[in-house]
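Here the structure comes first, spelled out in structure tokens, and everything after it is commentary.
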Amino acid sequence: MSLNIDFAPPKQKQSPLSLGIGSTMLLLTLALAWALTSETEAGLPPNQTLMPGEEEIQSINRAVDDLNFPWLAVLTSLENSTDERLRIIQIDADARDGRLSLQGEARDSRAVLVLPGHLRSHAAISDARVVSQSPADTREPREFPVRFALEITLSSSAEAKP
């Protein structure tokens with residue numbers, strides 16, 4: 001006598017009905033996925049523009065130029081070139097052209113005439129020249145009786161560095 005032990009579970013036969021329902025469900029899922037993705041195109045949403053306008057580009061470029069202006073080098077050069085005989089009142093920068101307009105007061109005109117030479121000795125500045133020089137209001141005594149204006153041109157290496 002022999003005992004036949006089989007630990008495998010009995011095989012269930014798949015009915016043709018469950019096989020048909022499974023195939024139909026798979027087919028419907030694939031058809032639905034294809035229908036949803038077939039008309040989809042990659043791109044920007046319709047309310048977004050592709051590029052900014054010309055005016056926006058120019059204002060962005062001006063802002064970047066202003067941010068890249070070599071303020072530290074210029075201000076250090078000014079600080080090292082002036083002494084107690086000069087007083088800076090106003091600084092106007094034109095980042096696009098690499099120019100700086102400076103207005104100030106001096107105790108004497110000799111200090112004004114020496115200033116451009118001192119400024120040119122710095123690496124950040126390629127040229128400096130006196131634009132105007134005039135006596136201040138003479139009705140009252142002043143500590144700084146001479147008013148002046150300078151135009152400073154930055155060197156190209158200073159314009160490239162922030």
If you look only at distance, which donor and acceptor atoms sit under 3.5 Å apart when one is on a side chain in residues 112-119 and the other is two or more places apart or in another chain?
none

Under 3.5 Å: donor-acceptor pair, side chain of [X], backbone of [Y]:
X    : Y    : answer
R85  : R107 : no
S59  : E56  : yes
T153 : S126 : no

Discussion item. For a 4.5 angstrom cut-off between non-hydrogen side-chain atoms, does L32 reach L28?
Written reply: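 Answer no - side chains too far apart.
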Item to complete: Determine whether L78 and L102 make a side-chain contact, defined as any pair of heavy atoms from C-beta on separated by less than 4.5 Å.
Response: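 In short, these two side chains touch, coming nearer than 4.5 Å.
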Discussion item. As an exercise, state the distance from CZ of R99 to CG of D127, rounded to the nearest 0.5 Å.
Written reply: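 It is 8.5 Å, given to the nearest 0.5 Å.
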Fill in: Gap between atom CD1 of I152 and atom CG of D92 - 0.5 Å precision
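It is 11.5 Å, given to the nearest 0.5 Å.
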Do you reckon [X] sits in the same ILVMFWY cluster as [Y], going by side-chain contacts under 4.5 Å, direct or chained?
X    : Y    : value
F144 : L86  : no
W71  : I88  : yes
I91  : V130 : yes
F69  : I60  : no

Worksheet item: Does atom CD of E55 have more than 12 heavy-atom neighbours, drawn from other residues, nucleotides or ligands, at distances under 6.0 Å?
Response: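 No, the 6.0 Å shell around CD holds no more than 12 heavy atoms from other groups.
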Worksheet item: Can you tell me if CZ on R87 sees more than 12 non-hydrogen neighbours from other groups inside 6.0 Å?
Response: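 For R87, atom CZ is crowded (more than 12 foreign heavy atoms under 6.0 Å).
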Worksheet item: Looking only at heavy atoms, which two atoms of A123 and S155 are closest? And how far apart?
Response: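 Smallest heavy-atom distance, with atoms named: O-OG, 2.8 Å.
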